[in-house]
Amino acid sequence: MHYLDHAATTAVLPEAAEIACKVMTEQFGNPSSVHKMGIEASGILEHARKQVAAILNADPSEITFTSCGTEATNTAIFGACRRKGRGKHIITTAIEHSATLNTVRRLEQEGFEVTYLQPDADGHISVDDLRAAIRPDTVLLTCMLANNEVGTLLPVKEFGKILKKKAPNALFHIDAVQGLARVPIKPKLWNADFISVSGHKIGAPKGIGALYIKKGVRIQPLMLGGGQERGMRPGTEALPNIAAFGEACRLRLAQMDENDAKVAALCAQLKAGIAARFPWAVYNGKSDIPHVVNLSFPGCKSEVLLRVLEMHDVYVSSGSACAKGKASHVLAAMKLDHARIDSALRISFAPSNTPEDVEALLNALEEGTKRLRRE
Ligand code: PLP
(Lines give C-alpha, C1' and ligand atoms only; values in the text may rest on other atoms or scores of the structure.)
Protein backbone atom coordinates (compact mmCIF):
# COMPACT_ATOMS: atom_id res chain seq x y z
CA MET A 1 0.00 0.00 0.00
CA HIS A 2 1.31 3.42 -0.96
CA TYR A 3 -0.64 5.96 1.07
CA LEU A 4 0.12 9.55 0.10
CA ASP A 5 -2.95 11.29 1.50
CA HIS A 6 -1.71 12.29 4.94
CA ALA A 7 -3.34 15.72 4.88
CA ALA A 8 -6.65 13.80 4.94
CA THR A 9 -5.64 11.55 7.80
CA THR A 10 -2.78 9.40 9.05
CA ALA A 11 -2.34 5.92 10.48
CA VAL A 12 -2.12 5.85 14.26
CA LEU A 13 1.48 5.58 15.44
CA PRO A 14 2.09 2.17 17.07
CA GLU A 15 3.28 3.84 20.31
CA ALA A 16 0.10 5.94 20.44
CA ALA A 17 -2.12 2.92 19.69
CA GLU A 18 -0.42 0.93 22.44
CA ILE A 19 -1.11 3.64 25.01
CA ALA A 20 -4.73 4.02 23.84
CA CYS A 21 -5.24 0.26 24.16
CA LYS A 22 -3.80 0.22 27.69
CA VAL A 23 -6.01 3.14 28.73
CA MET A 24 -9.08 1.44 27.23
CA THR A 25 -8.53 -1.95 28.81
CA GLU A 26 -6.55 -1.37 32.01
CA GLN A 27 -6.35 2.27 33.08
CA PHE A 28 -9.98 2.95 32.23
CA GLY A 29 -10.98 5.05 35.24
CA ASN A 30 -12.93 8.27 34.92
CA PRO A 31 -10.65 11.25 35.61
CA SER A 32 -13.43 12.77 37.72
CA SER A 33 -13.65 9.77 40.08
CA VAL A 34 -12.03 10.31 43.43
CA HIS A 35 -10.81 6.74 43.96
CA LYS A 36 -7.41 5.37 42.99
CA MET A 37 -8.40 4.53 39.41
CA GLY A 38 -9.86 7.98 38.91
CA ILE A 39 -6.71 9.60 40.24
CA GLU A 40 -4.62 7.44 37.90
CA ALA A 41 -6.84 8.50 34.96
CA SER A 42 -6.56 12.14 35.97
CA GLY A 43 -2.77 11.75 35.99
CA ILE A 44 -2.90 10.35 32.43
CA LEU A 45 -5.06 13.29 31.34
CA GLU A 46 -2.73 15.90 32.79
CA HIS A 47 0.34 14.15 31.42
CA ALA A 48 -1.16 14.26 27.91
CA ARG A 49 -2.09 17.91 28.40
CA LYS A 50 1.58 18.67 29.15
CA GLN A 51 2.65 16.81 26.00
CA VAL A 52 0.21 18.73 23.81
CA ALA A 53 1.18 22.01 25.51
CA ALA A 54 4.85 21.27 24.77
CA ILE A 55 4.36 20.98 21.00
CA LEU A 56 2.21 24.14 21.08
CA ASN A 57 4.75 26.08 23.16
CA ALA A 58 1.96 26.76 25.63
CA ASP A 59 1.21 26.31 29.30
CA PRO A 60 -0.80 23.14 30.07
CA SER A 61 -3.53 25.33 31.61
CA GLU A 62 -4.05 26.84 28.14
CA ILE A 63 -5.01 23.49 26.54
CA THR A 64 -8.64 22.29 26.26
CA PHE A 65 -9.24 18.87 24.74
CA THR A 66 -12.06 18.68 22.17
CA SER A 67 -13.47 15.92 19.97
CA CYS A 68 -11.68 17.16 16.82
CA GLY A 69 -10.15 20.16 15.08
CA THR A 70 -13.58 21.22 13.87
CA GLU A 71 -14.94 21.44 17.41
CA ALA A 72 -11.89 23.43 18.54
CA THR A 73 -12.46 25.90 15.71
CA ASN A 74 -16.20 26.18 16.39
CA THR A 75 -15.49 26.81 20.08
CA ALA A 76 -13.01 29.58 19.30
CA ILE A 77 -15.07 31.34 16.62
CA PHE A 78 -18.45 31.23 18.36
CA GLY A 79 -16.81 32.00 21.70
CA ALA A 80 -14.92 35.03 20.38
CA CYS A 81 -17.87 36.47 18.43
CA ARG A 82 -20.56 35.95 21.02
CA ARG A 83 -18.80 37.99 23.71
CA LYS A 84 -21.29 40.63 24.80
CA GLY A 85 -21.00 44.26 23.76
CA ARG A 86 -18.37 43.72 21.05
CA GLY A 87 -18.41 44.52 17.34
CA LYS A 88 -19.97 42.53 14.54
CA HIS A 89 -17.15 42.24 12.03
CA ILE A 90 -15.15 39.07 11.34
CA ILE A 91 -12.14 38.68 9.06
CA THR A 92 -11.24 35.35 7.53
CA THR A 93 -9.88 34.08 4.20
CA ALA A 94 -11.49 32.43 1.20
CA ILE A 95 -9.15 29.44 1.49
CA GLU A 96 -10.15 28.25 4.97
CA HIS A 97 -11.30 24.75 5.79
CA SER A 98 -15.07 24.29 5.96
CA ALA A 99 -14.77 24.05 9.77
CA THR A 100 -14.09 27.79 9.67
CA LEU A 101 -16.07 28.82 6.59
CA ASN A 102 -19.34 27.22 7.65
CA THR A 103 -19.00 28.61 11.17
CA VAL A 104 -18.48 32.19 10.03
CA ARG A 105 -21.30 31.74 7.51
CA ARG A 106 -23.61 30.84 10.39
CA LEU A 107 -22.55 34.01 12.19
CA GLU A 108 -23.17 35.96 8.99
CA GLN A 109 -26.75 34.67 9.06
CA GLU A 110 -26.96 35.91 12.64
CA GLY A 111 -26.03 39.46 11.61
CA PHE A 112 -22.23 39.51 11.56
CA GLU A 113 -20.39 41.02 8.63
CA VAL A 114 -17.55 38.90 7.24
CA THR A 115 -14.59 39.99 5.11
CA TYR A 116 -13.07 37.12 3.14
CA LEU A 117 -9.46 37.89 2.21
CA GLN A 118 -8.73 36.52 -1.25
CA PRO A 119 -5.58 34.59 -2.19
CA ASP A 120 -3.31 35.46 -5.09
CA ALA A 121 -2.77 32.97 -7.91
CA ASP A 122 -0.14 31.16 -5.79
CA GLY A 123 -2.49 30.67 -2.84
CA HIS A 124 -0.95 33.33 -0.60
CA ILE A 125 -2.87 35.92 1.42
CA SER A 126 -1.52 39.45 1.56
CA VAL A 127 -0.65 41.33 4.73
CA ASP A 128 -1.74 44.60 3.10
CA ASP A 129 -5.19 43.14 2.41
CA LEU A 130 -5.52 42.25 6.08
CA ARG A 131 -4.39 45.73 7.13
CA ALA A 132 -7.04 47.29 4.91
CA ALA A 133 -9.77 44.96 6.18
CA ILE A 134 -9.44 45.70 9.92
CA ARG A 135 -12.19 47.97 11.31
CA PRO A 136 -12.84 49.41 14.76
CA ASP A 137 -15.67 46.87 15.15
CA THR A 138 -13.59 43.83 14.12
CA VAL A 139 -14.07 41.15 16.79
CA LEU A 140 -12.17 38.26 15.29
CA LEU A 141 -9.55 37.34 12.74
CA THR A 142 -9.65 33.63 12.00
CA CYS A 143 -7.25 32.04 9.53
CA MET A 144 -5.26 28.92 8.99
CA LEU A 145 -1.54 28.39 9.50
CA ALA A 146 -1.01 26.01 6.57
CA ASN A 147 -3.51 25.41 3.80
CA ASN A 148 -4.67 21.81 3.54
CA GLU A 149 -5.04 21.79 -0.23
CA VAL A 150 -2.05 23.67 -1.60
CA GLY A 151 0.34 23.83 1.40
CA THR A 152 0.77 27.60 1.49
CA LEU A 153 1.60 29.21 4.83
CA LEU A 154 -0.29 32.27 5.96
CA PRO A 155 1.74 35.15 7.46
CA VAL A 156 0.30 34.63 10.96
CA LYS A 157 3.11 36.49 12.73
CA GLU A 158 2.49 39.66 10.69
CA PHE A 159 -1.28 39.17 10.90
CA GLY A 160 -1.20 38.98 14.70
CA LYS A 161 1.01 42.03 14.99
CA ILE A 162 -1.16 44.18 12.73
CA LEU A 163 -4.44 42.99 14.26
CA LYS A 164 -3.38 43.74 17.82
CA LYS A 165 -2.08 47.15 16.81
CA LYS A 166 -5.12 48.26 14.82
CA ALA A 167 -7.87 46.47 16.78
CA PRO A 168 -6.46 45.64 20.22
CA ASN A 169 -9.75 44.17 21.45
CA ALA A 170 -10.16 41.78 18.53
CA LEU A 171 -9.21 38.15 19.08
CA PHE A 172 -7.00 36.06 16.79
CA HIS A 173 -7.76 32.41 16.03
CA ILE A 174 -5.39 30.21 14.05
CA ASP A 175 -6.43 26.85 12.58
CA ALA A 176 -3.11 25.02 12.87
CA VAL A 177 -4.50 21.58 12.03
CA GLN A 178 -2.23 21.20 8.99
CA GLY A 179 0.73 23.03 10.52
CA LEU A 180 1.05 20.92 13.66
CA ALA A 181 4.30 18.92 13.82
CA ARG A 182 5.37 20.48 10.52
CA VAL A 183 5.85 24.10 11.52
CA PRO A 184 6.99 25.26 14.99
CA ILE A 185 3.92 26.68 16.77
CA LYS A 186 4.55 30.04 18.46
CA PRO A 187 1.38 31.40 20.09
CA LYS A 188 3.05 34.32 21.85
CA LEU A 189 5.11 35.47 18.87
CA TRP A 190 1.99 35.26 16.70
CA ASN A 191 -0.24 37.09 19.23
CA ALA A 192 -2.65 34.17 19.01
CA ASP A 193 -5.63 33.96 21.35
CA PHE A 194 -6.76 30.57 20.06
CA ILE A 195 -5.09 27.76 18.13
CA SER A 196 -6.95 24.66 16.89
CA VAL A 197 -5.18 21.36 16.35
CA SER A 198 -6.28 17.82 15.54
CA GLY A 199 -4.84 14.43 16.47
CA HIS A 200 -5.55 12.36 13.38
CA LYS A 201 -3.26 14.43 11.15
CA ILE A 202 -0.20 13.54 13.22
CA GLY A 203 -0.56 9.87 14.15
CA ALA A 204 -3.22 9.98 16.89
CA PRO A 205 -6.68 8.43 16.46
CA LYS A 206 -9.55 10.25 14.79
CA GLY A 207 -11.88 12.03 17.18
CA ILE A 208 -9.46 14.06 19.25
CA GLY A 209 -8.46 17.70 18.99
CA ALA A 210 -7.37 20.52 21.22
CA LEU A 211 -7.85 24.23 21.50
CA TYR A 212 -5.17 26.54 22.86
CA ILE A 213 -6.87 29.38 24.69
CA LYS A 214 -4.48 32.10 25.80
CA LYS A 215 -4.36 32.63 29.54
CA GLY A 216 -6.80 35.39 30.50
CA VAL A 217 -9.03 35.09 27.43
CA ARG A 218 -12.58 34.31 28.53
CA ILE A 219 -15.24 32.79 26.28
CA GLN A 220 -18.41 30.76 26.73
CA PRO A 221 -18.23 27.01 26.01
CA LEU A 222 -20.24 25.46 23.17
CA MET A 223 -21.78 22.82 25.42
CA LEU A 224 -22.98 22.78 28.98
CA GLY A 225 -22.57 19.90 31.36
CA GLY A 226 -20.11 18.81 34.04
CA GLY A 227 -17.08 20.86 34.87
CA GLN A 228 -14.56 18.90 32.76
CA GLU A 229 -11.82 20.87 30.99
CA ARG A 230 -12.46 23.74 33.45
CA GLY A 231 -16.01 23.93 32.12
CA MET A 232 -14.81 24.75 28.60
CA ARG A 233 -15.60 21.31 27.23
CA PRO A 234 -17.90 19.28 29.44
CA GLY A 235 -18.37 15.55 28.92
CA THR A 236 -16.26 12.68 30.21
CA GLU A 237 -12.84 13.03 28.65
CA ALA A 238 -11.97 10.66 25.74
CA LEU A 239 -8.97 9.45 27.69
CA PRO A 240 -7.66 6.75 25.28
CA ASN A 241 -7.64 9.29 22.43
CA ILE A 242 -6.22 12.02 24.64
CA ALA A 243 -3.38 9.81 25.90
CA ALA A 244 -2.60 8.74 22.32
CA PHE A 245 -2.67 12.36 21.14
CA GLY A 246 -0.21 13.29 23.90
CA GLU A 247 2.13 10.50 22.87
CA ALA A 248 1.88 11.44 19.16
CA CYS A 249 2.73 15.05 20.06
CA ARG A 250 5.72 13.90 22.12
CA LEU A 251 7.07 11.72 19.33
CA ARG A 252 6.44 14.19 16.53
CA LEU A 253 8.00 17.05 18.51
CA ALA A 254 11.11 15.00 19.28
CA GLN A 255 11.47 13.98 15.62
CA MET A 256 10.43 17.22 13.95
CA ASP A 257 13.78 18.10 12.33
CA GLU A 258 14.51 14.54 11.27
CA ASN A 259 10.96 14.12 9.87
CA ASP A 260 11.16 17.41 8.04
CA ALA A 261 14.36 16.35 6.29
CA LYS A 262 12.78 13.00 5.35
CA VAL A 263 9.66 14.60 3.90
CA ALA A 264 11.69 17.27 2.08
CA ALA A 265 13.72 14.51 0.38
CA LEU A 266 10.53 12.70 -0.68
CA CYS A 267 9.08 15.93 -2.04
CA ALA A 268 12.28 16.62 -4.00
CA GLN A 269 12.19 13.08 -5.40
CA LEU A 270 8.57 13.58 -6.48
CA LYS A 271 9.28 16.93 -8.12
CA ALA A 272 12.30 15.55 -9.98
CA GLY A 273 10.19 12.62 -11.21
CA ILE A 274 7.40 14.96 -12.31
CA ALA A 275 9.87 17.19 -14.19
CA ALA A 276 11.44 14.21 -15.95
CA ARG A 277 8.32 12.22 -16.74
CA PHE A 278 5.45 14.72 -16.82
CA PRO A 279 6.93 18.04 -17.92
CA TRP A 280 3.44 19.07 -19.02
CA ALA A 281 1.98 18.84 -15.50
CA VAL A 282 1.29 22.16 -13.71
CA TYR A 283 1.66 22.90 -10.01
CA ASN A 284 -1.24 24.56 -8.25
CA GLY A 285 -0.16 27.12 -5.67
CA LYS A 286 3.33 27.62 -4.34
CA SER A 287 3.44 25.21 -1.41
CA ASP A 288 5.60 26.43 1.48
CA ILE A 289 5.77 23.04 3.17
CA PRO A 290 7.08 19.87 1.53
CA HIS A 291 4.24 17.79 3.01
CA VAL A 292 1.64 19.00 0.53
CA VAL A 293 1.99 19.10 -3.25
CA ASN A 294 -0.93 20.00 -5.51
CA LEU A 295 -0.69 19.60 -9.25
CA SER A 296 -2.86 19.20 -12.31
CA PHE A 297 -2.46 16.74 -15.14
CA PRO A 298 -4.32 18.53 -17.93
CA GLY A 299 -6.65 16.23 -19.83
CA CYS A 300 -6.90 13.78 -16.91
CA LYS A 301 -9.93 14.20 -14.69
CA SER A 302 -8.65 13.76 -11.16
CA GLU A 303 -11.62 11.66 -10.03
CA VAL A 304 -10.80 9.13 -12.79
CA LEU A 305 -7.03 9.30 -12.33
CA LEU A 306 -7.56 8.66 -8.65
CA ARG A 307 -9.30 5.37 -9.47
CA VAL A 308 -6.43 4.27 -11.74
CA LEU A 309 -3.92 5.04 -8.98
CA GLU A 310 -6.09 3.13 -6.54
CA MET A 311 -5.80 0.05 -8.77
CA HIS A 312 -2.05 0.28 -8.18
CA ASP A 313 -2.63 0.56 -4.44
CA VAL A 314 -1.59 4.22 -4.54
CA TYR A 315 -3.77 6.66 -2.58
CA VAL A 316 -3.82 10.43 -3.09
CA SER A 317 -6.60 12.99 -3.00
CA SER A 318 -8.43 15.12 -5.50
CA GLY A 319 -8.75 18.56 -3.92
CA SER A 320 -9.75 18.38 -0.28
CA ALA A 321 -10.97 15.13 1.23
CA CYS A 322 -13.28 17.16 3.46
CA ALA A 323 -15.09 18.60 0.43
CA LYS A 324 -16.00 15.25 -1.11
CA GLY A 325 -17.06 15.54 -4.71
CA LYS A 326 -17.20 19.34 -4.68
CA ALA A 327 -14.91 21.50 -6.82
CA SER A 328 -12.17 22.94 -4.65
CA HIS A 329 -13.11 26.35 -3.25
CA VAL A 330 -9.42 27.00 -2.63
CA LEU A 331 -8.36 26.48 -6.26
CA ALA A 332 -11.44 28.44 -7.37
CA ALA A 333 -10.46 31.36 -5.09
CA MET A 334 -7.00 31.25 -6.71
CA LYS A 335 -8.89 31.79 -9.98
CA LEU A 336 -7.65 28.64 -11.67
CA ASP A 337 -9.75 27.61 -14.63
CA HIS A 338 -12.25 24.79 -14.43
CA ALA A 339 -10.18 22.29 -16.43
CA ARG A 340 -7.23 22.78 -14.13
CA ILE A 341 -9.32 22.39 -10.98
CA ASP A 342 -10.93 19.30 -12.46
CA SER A 343 -7.56 17.65 -13.00
CA ALA A 344 -5.93 18.59 -9.66
CA LEU A 345 -4.38 15.98 -7.41
CA ARG A 346 -3.14 16.56 -3.88
CA ILE A 347 -0.23 14.43 -2.72
CA SER A 348 0.54 14.67 0.98
CA PHE A 349 3.42 13.02 2.78
CA ALA A 350 4.08 11.76 6.28
CA PRO A 351 7.51 10.83 7.64
CA SER A 352 6.49 7.16 7.34
CA ASN A 353 6.49 7.42 3.52
CA THR A 354 9.41 5.95 1.59
CA PRO A 355 11.13 6.55 -1.77
CA GLU A 356 9.32 3.39 -2.97
CA ASP A 357 5.98 5.11 -2.35
CA VAL A 358 7.03 8.00 -4.59
CA GLU A 359 8.28 5.64 -7.28
CA ALA A 360 5.01 3.67 -7.15
CA LEU A 361 3.06 6.92 -7.52
CA LEU A 362 5.13 8.05 -10.50
CA ASN A 363 4.72 4.67 -12.21
CA ALA A 364 0.98 4.60 -11.60
CA LEU A 365 0.69 8.19 -12.84
CA GLU A 366 2.50 7.24 -16.01
CA GLU A 367 0.05 4.47 -16.79
CA GLY A 368 -2.98 6.47 -15.70
CA THR A 369 -2.17 9.66 -17.58
CA LYS A 370 -1.23 7.75 -20.75
CA ARG A 371 -4.53 5.93 -20.66
CA LEU A 372 -6.66 8.99 -19.89
CA ARG A 373 -4.97 11.23 -22.45
CA ARG A 374 -5.55 8.61 -25.13
CA GLU A 375 -9.27 8.36 -24.36
N1 PLP B 1 -8.72 22.52 9.51
C2 PLP B 1 -7.96 22.04 8.52
C3 PLP B 1 -6.99 22.94 7.84
C4 PLP B 1 -8.07 20.70 8.14
O5 PLP B 1 -7.31 20.22 7.14
C6 PLP B 1 -9.00 19.86 8.81
C7 PLP B 1 -9.19 18.46 8.38
O8 PLP B 1 -9.02 18.11 7.24
C9 PLP B 1 -9.75 20.42 9.85
C10 PLP B 1 -9.60 21.75 10.17
C11 PLP B 1 -10.76 19.60 10.62
O12 PLP B 1 -10.13 18.77 11.54
P13 PLP B 1 -10.94 17.51 12.12
O14 PLP B 1 -10.99 16.49 11.04
O15 PLP B 1 -10.14 17.04 13.30
O16 PLP B 1 -12.28 18.01 12.54
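Whatever order the structure lists them in is the order used to number ligands and atoms, beginning at 1.
- For atom 13 (P) of ligand 1, the nearest non-hydrogen atom from the set Ala176, Gly69, Ala99, Gly179 comes from Gly69.
- Side-chain atoms of Asp59 and Ser61 include a donor-acceptor pair closer than 3.5 Å.
- Against a heavy-atom cut-off of under 4.0 Å, Val177 is close to the following atoms of ligand 1: 1 (N), 2 (C), 4 (C), 6 (C), 9 (C), 10 (C).
- Checked by distance only, ligand 1 and Ala7 stay at 3.5 Å or farther apart across all their nitrogen or oxygen atoms.
- Annotation: cation-pi pair Lys271/Tyr283 present, NZ/CZ under 6.0 Å from the ring centroid and within 45° of its normal.
- With no hydrogens or angles considered, a side-chain donor-acceptor pair links Thr9 and Lys206 at under 3.5 Å.
- Here Glu71 has no heavy atoms under 4.0 Å from ligand 1, in either its backbone or its side chain.
- The contact set between ligand 1 and His200, taken as ligand atoms under 4.0 Å from a residue heavy atom, comprises 13 (P), 14 (O), 15 (O).
- The closest approach between any non-hydrogen atom of Glu96 and ligand 1 is not below 4.0 Å.
- Salt-bridge check for Glu359 with Arg277: passed, with a basic side-chain N closer than 4.0 Å to an acidic carboxylate O.
- By the 4.5 Å heavy-atom criterion applied to side chains, Leu365 and Leu345 are counted as neighbours.
- Residues Phe172 and Phe194 keep their aromatic ring centres 6.0 Å or farther apart.
- Atom 10 (C) of ligand 1 has its nearest heavy-atom neighbour, among Asp175, Thr66, Thr73, in Asp175.
- Remark: the Thr73 side chain and the Ser196 side chain contain an N/O donor-acceptor pair separated by less than 3.5 Å.
- Contact annotation: for Thr70 versus ligand 1, heavy atoms closer than 4.0 Å belong to both the backbone and the side chain.
- Under 4.0 Å is where a charged nitrogen must lie from a carboxylate oxygen, and between Glu310 and Arg307 at least one such pair does.
- Using a 4.0 Å cut-off between heavy atoms, Met144 contacts ligand 1 through its side chain alone, with no backbone atom that close.
- In the vicinity of Asn148, heavy-atom distances shorter than 4.0 Å reach the ligand 1 atoms 3 (C), 5 (O).
- Taking every heavy atom of Ser198 and a limit of under 4.0 angstrom, the matching atoms of ligand 1 come to 13 (P), 15 (O).
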